[in-house]
Each structure stands twice: as C-alpha cells, then as structure tokens.
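Accompanying notes for the structure given below.
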Amino acid sequence: MNKADVLIIGSGASGAAAAWSLSRNTSNRIVCLEQGDATKAGDYPTNKVNWELARHGTASSNPNERKNKADYPIDDNGSPISLANFNGFGGSTILYSGHFPRFHPSDFATCSLDGVGDDWPLCYEDLEPYFNENEKMMGVAGLVGDPAYPEYDRLLPPVPLGKAGRKMAETFNELGWHWWPSYSAINTSSHGGRASCVNLGPCNTGCAQGAKGSVDVTYWPQALRQGVEVRTGCCVYEICVDKFHKITGVKYLNEKGEDCFIGASIVVVACSGIGTPRLLLNSKSAAFPDGLLNNHDLVGRNLMVHPLGYTEGVFEDDLQSSVGPQGCCILSQQFYESDPANKFKRGYTMQVLRGSPAMETAVSAYMMRRLPLGPDHHKTFMSLFNHNMGIAVISEDLPEHHNRVELDEQNCDANGMPGLKVSYRVSENTQEMLKHGLEKSKLLFQQAGARVTASFAPVKHAGWHLMGTARMGNDPEKSVVSPLGQAHAVENLFIVDSSIFVTSGAVNPVATAQALTLRICDHIRQKFVN
Amino acid sequence: MKLKDIFYDTILPGDQDLNLPAASRLEIDDYMASVGATEMLARYLDLLDTLAHEKFNHGFVDLSAEDRLACVTFSKRKDIRLSTAIIVNCLKSYYTCESVLNILPTGSVPPFPEGNVVEGDDWSILEDVYERGTIYRHIPE
Ligand SMILES: Cc1cc2nc3c(=O)[nH]c(=O)nc-3n(C[C@H](O)[C@H](O)[C@H](O)COP(=O)(O)OP(=O)(O)OC[C@H]3O[C@@H](n4cnc5c(N)ncnc54)[C@H](O)[C@@H]3O)c2cc1C
Ligand code: SF4
C-alpha cells in the first residue's frame, strides 16, 4: 500500500522530534522522506587527521561550497549574510554546535512589551512541558538556577568551562554582568545510551563520539524502534492538493531518480526555515497558483537569520582554549531584554566561543595580517593558538516583510527543482544592537587583559538560524499556520519547523523549535492520529 | 633544492626551538594536487621568479632568505588572488599534517583519539550572578 497515515518531510531537528512524538503508542504507518543521504559517524571527517579541511568541503555549512547531491543552490547575492544548513539524515543538527538555550518569556510578546515585531499566539508556559521533555530526549547539559530564566527542571552536569572559560567568567563577574554555563546538547555523562563528550572540539563537522545531541543519535533511534520508516535520498518536489484543498500525497524523486508518489492522510513539513518555503512555493496547483499556502503572499517572507557580531581576543597566557566543544562554554544575557537607555529595542545573547583549531587559527590570522610568513611565523602562531577566544553576539532579528527567500528558476538542484534566492537587509535596529554588542565584547576582552584582534558584524557565513518564512498566528490573512501548526488553508497539512516562528528571540533556535514541534505533534496525535 | 621547496621554506621555515618541521619536508605537493592547485602553483612560482629578476636581478633560488620573503610580499601586490590562494593552501596543508599537529599543543589528534581532559569547575564562582537576582521579564497576565 503506497499510502502513509502520516508523512513527514525532512529528518532534521523538527522532523526527528515529530517522528518520535507521532509514533508513540500507535499502529499508524508513519513515513519520513529525506532528500539527503544517511549519515554515519564512522565517515565523519573528525575520524581523520585533516578533519579541518572538510569544513570547506563535504562538511561545510554552506551548501554552495559543499555541493552534495541533496544540496540546492542558494543565491545570496542579495544578502550580506549567506544561509547555512546541512541536508542529510539528521539535518543541520549534524553540523550544529549544540548550544541549546530556550527562548525567554518576553520573546513571545515583543509587540505588547516593546512595540516591535508581533506577539506569538502562545506563551512560554505553553511550551514549558515540551522544553523539559525535549531537553531530556536531546541530552542537555547545564546548570539550573539561572536568573535569566524561569526555573529549569533538570539538566546533565554542565560542560566544563576550561581555563579560558574561567577567565572569561571571572571577567563577567568583575563587570557585574550576567553569565551562565552554556545550555548544551552535549552528553557530559553517559545518557540515552550515548557516551560522554571527550572534549575534542570539532563538533561542527559531526561528533564521531556520538556525544553531541544531533537527532540521528537522539530522537531517531527511538523513532525507528517505534516503527517509523525513513526513506533517504528522496527529494519531495510537490505536495499535491485536490480541489477541496486537501492534501492527497506528495511527489518525489527517489535515490535512483525515479519519479514516485506516496499518498498521505496527514503531511507534516519539516524541511527547515528555507527548505519549507521552497517546497511550498514549488507546489503550485489550480487551488494555489502562487504556491501552496501562499494565498496571502506570506510564504518565504519575514525571513529572520540572527545577524551575528564577532569579536576575538588573544590572551598573553596559553589557556588551552581550543580544547572542549567550541560553541559551548558560556552565555551572557546581560543585554537580552529591552533597555530604554539603548538606541535599539530588544537585545542579544553573548555566546562565548572557545579558541579555534590549528588550521583555522593560522588561516584567519594570516588573512587578518596578524600572522607573518617567514622566520617569525611559528612563534607568532604559538602566541595565538590556544590563546584566543571569541564572543558571538546573537542579535534578535525582527520580522520584516521584504526579507525573504524566493524560488530561483535559473539555478536548480540535481533533480531540476529550483534553488532559492535570498533578499535580506540588516535593519537599523539590528545594526545598532550589533554595534552595542561589539562594544561590550571589546570591553569584556579588554577587562580580561586580552588583546582584541578582530571585531566585526555582520559575519557573512553565519546564516545558521533560519526562521519566520511560514509564520504562525490566529489570523489567516496574516499568518500561514495556526498556533498548532495547522495550515489555515489546508486542514491535513502541518508545519512544525522554525519557519513558523513569529519572532526570532536572540538565542539559538533548536530548543524552542523542537519544543514547538512536540506541542504540535501532541495535538496531531490527540486529534487526528489515534 | 628546487624553487618550489625553497618557496615553501621561505614562508614556513622549520623552527628548531619549537621542533617544527620546514614545509618542504611535508607532503604539500600532494595536497596541492588534491585541491587541483598544481597548475596555479606553477604559475605562482613563475611570478615569484619573474619578480626576483625584476627587483633583484637574480632568480628566486639565488636570493637571500630576506629577499625571497620580500618577493613573496611583492607577489601579493602583483596578484593578490593568486598569492593568497597559494599561501592559504600551504597553511592549510601544513596545519593539517599529522607530524605538525603532534608537535603543536592540540591535545588528542584523530583517528580514534582518547580525548582531552578539562578539569571540573567550582560553581561558587556563580555566587555573584545568583545574588543579583532574576533578570528575565515577567509577562503581565
Ligand atoms: C553550522 C551550524 C551550527 C549551528 N549551531 C546551532 C546551535 O548551536 N544551536 C541551535 O539551536 N541551532 C544551531 N544551528 C541551527 C540548527 O541546526 C537549525 O536551526 C535546525 O537544525 C533546524 O531544524 P529543521 O528541522 O528546521 O531543519 P534541518 O535540521 O535543516 O532539517 C531539514 C531537513 O529537511 C530535508 N529536506 C529539505 N527539503 C526537502 C525536500 N524537498 N524533500 C526531502 N527532504 C527535504 C533536508 O535535507 C534536511 O535534512 C546551527 C546550524 C548550522 C548550519
Ligand atoms: S567536543 Fe564533545 S561533543 Fe564536540 S565533537 Fe568532541 S566529543 Fe563530540
């Protein structure tokens, strides 16, 4: 029988959580179609000495550079920030850093609190049980009691700060600023049948140890045990809708390039903040001539990407800064909430990053003219490597109608499906925020006694967080899906990834996106599946 | 020594104090071939030699170490794209070479590393942060 009760498209952060949630206690047939290949820890570049080279090859987060078979081209000439992702089983979590903070209560009400953005049709408390459930499933380390959040349930022990992290922590204390050990989807003790982190550092090329909570090792093993069927190498190019605005199934090309159709009673889309609008826009029909659910010209719009500021400091002492998970050390939310003294509304997170690995240290220092060639090269290199730390300023990006992705008919993927074209501008509000963040980051390094060696924004290749392109809301004229992820215009279609975010918060999105997915899937299970 | 090896050692000479090898002792040629840069490297070496003749009336190989380095600097002014591509590839190759990584204080090096130890923390360091109290905003009903 070529029909699924529930068809999930995309196996990344949200698709995996959906697969696990929907397959609990059910005999329904649940199928997931994933355009990328299966990912195997044994093949990760980190198994090889020259793993760093893969950052610009097969494990690059830039699809235009990576050019795997499942990657679609993204024309980012119209954006100062290029978009990043990973298309394979487990989605972008294969490459993500695992930094896992939640949204804050105020993130769901930016309009009523600060007169900017829009309010979400739900609040922090609605998501709280799902945050807790998700953190257990993903294996999140951290420390409860953070004054920047309502109380957390429980967490694995925090990722150790290391010498460099401690130095930064002491400096935050000297300045009287908030800091907290990072919330990290990283096993600090064995959890979920996975080993604990051994502090190798290269989490962004895939964790061969299995300690990082990428969904191929968290949600998926359980979802597969619960009977979910995954078909990799299957690129969905159209969601089919009948004249009654009901989804009948999807068309896809399988790994052999054969044209296939699978029927479905319910379709759950989880193709990411850019993959989801791409698929919707490509699904044109008599009922939706401008693309599925695009009857109010909202699909692909309101793209938010968290423009990033970056500052690097170099310490006199060797602080072994390159040891440990690079993206998970400390976060500060001192400047998270709106402050009338600022020239901008809302705020940002400072994410303290450990030092860069050897090759990256050498290449970036050379490019910034801080590393000479010739006889002084090695001594200068030694004064940088293991001495450097970074601060990433993750700025809250507000929804703007003109920031968008569109189909790019001129540039197609290997299957002939159009790629994407990005049009994105950093708003004045965000520019002021980034300026503030860079000033504060420099101040922090100076106070710590470090030399500031780089400070700039926005960082070009840092469009990692992709949100807002199929927003949720109560009003069908102003939103694409309901507060429960159900398409306003098509009853049996749900979107569960971060494309439904109303605003972006100023933290890495996965904790919130997956909590949202679990909430929506609870609803689907209760109302439709069982 | 060949022009190519002399160029490698001009930019990345060995360092006895740090025990680091000169670049010519590593497999940089293989790396260049693997990224399809062999022909580009040949063009760059031609450029270096031409510049050496222009500026110092000698071939690159016959110059002092200092003048060779000066030629590398001149090459950046002459063709920034070409010189950057070659130098960055040399750095990439050097800093991903096992014999170099084993000397640098990188900690464990793949394959099958045992991992690195990061000592535990004394979380009383967070006392100040606790004491300042809640900083998130409560949302009115
Ligand atoms: C380098 C990097 C670092 C990051 N670090 C962090 C971090 O520390 N913390 C954090 O919270 N977030 C981080 N992120 C972002 C995070 O990874 C993403 O927000 C998250 O994975 C998005 O989940 P998703 O399910 O929406 O999409 P994805 O995880 O990207 O998964 C979407 C999947 O859908 C598949 N797909 C798309 N279109 C189709 C189609 N037409 N047919 C079939 N399959 C399709 C794709 O192949 C992909 O596998 C990072 C991202 C990157 C790239
Ligand atoms: S630092 Fe830890 S989480 Fe990151 S790759 Fe290494 S073992 Fe995995």
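Letters go in sequence order (proteins before strands), and every chain restarts at 1.
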Step-by-step ring-ring contact (aromatic ring centres under 6.0 Å, His included) determination, B/Y94 to A/H378: CA-CA 12 Å; B/Y94 190 86; A/H378 296 292; 5.6 Å; yes
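- Note: B/I135 CD1 to A/E337 CD = 7.5 Å, rounded to the nearest 0.5 Å.
- You'll find the side chain of B/V129 reaches within 4.5 Å of the side chain of A/N173, heavy atoms only.
- Contact of the B/V118 side chain with the A/Q320 side chain is not registered, since no non-hydrogen atoms from C-beta on lie closer than 4.5 Å.
- At a 4.5 Å heavy-atom cutoff, B/V35 makes no contact with chain A through either its backbone or its side chain.
- The most heavy-atom pairs under 4.5 Å with chain B, out of A/G165, A/G176, A/A109, come from A/G176.
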Check against side-chain contact (heavy atoms from CB on, under 4.5 Å), A/N50 and B/Y31: CA-CA 11 Å; A/N50 61 0; B/Y31 174 80; over 6 Å; no
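- By the 4.5 Å heavy-atom criterion applied to side chains, B/L69 and A/P375 are counted as neighbours.
- Between B/I139 and A/F108 the shortest side-chain heavy-atom distance does not fall below 4.5 Å.
- Residue contact with chain A, scored on non-hydrogen atoms closer than 4.5 Å, involves the backbone and the side chain of B/T134 alike.
- Residue B/T96 holds its OG1 atom at 13.5 Å from CD of A/E360, rounded to the nearest 0.5 Å.
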A/L53 vs B/K92, side-chain contact (heavy atoms from CB on, under 4.5 Å): CA-CA, chis, key distance, verdict: CA-CA 7 Å; A/L53 294 172; B/K92 284 183 173 178; 3.9 Å; yes
Test side-chain contact (heavy atoms from CB on, under 4.5 Å) applied to B/L20 and A/M382, step by step: CA-CA 11 Å; B/L20 284 161; A/M382 287 301 203; 4.2 Å; yes
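- In terms of heavy-atom pairs under 4.5 angstrom with chain B, the leader among A/L113, A/D146, A/V323 is A/L113.
- With a 4.5 Å cut-off on non-hydrogen atoms, B/R132 touches chain A through its side chain but not through its backbone.
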A/L143 vs B/W123, side-chain contact (heavy atoms from CB on, under 4.5 Å): CA-CA, chis, key distance, verdict: CA-CA 9 Å; A/L143 210 56; B/W123 295 113; 4.0 Å; yes
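- Relative ring orientation between B/Y130 and A/W180 is described as perpendicular, the plane-to-plane angle rising above 60° on a 0-90° scale split at 30° and 60°.
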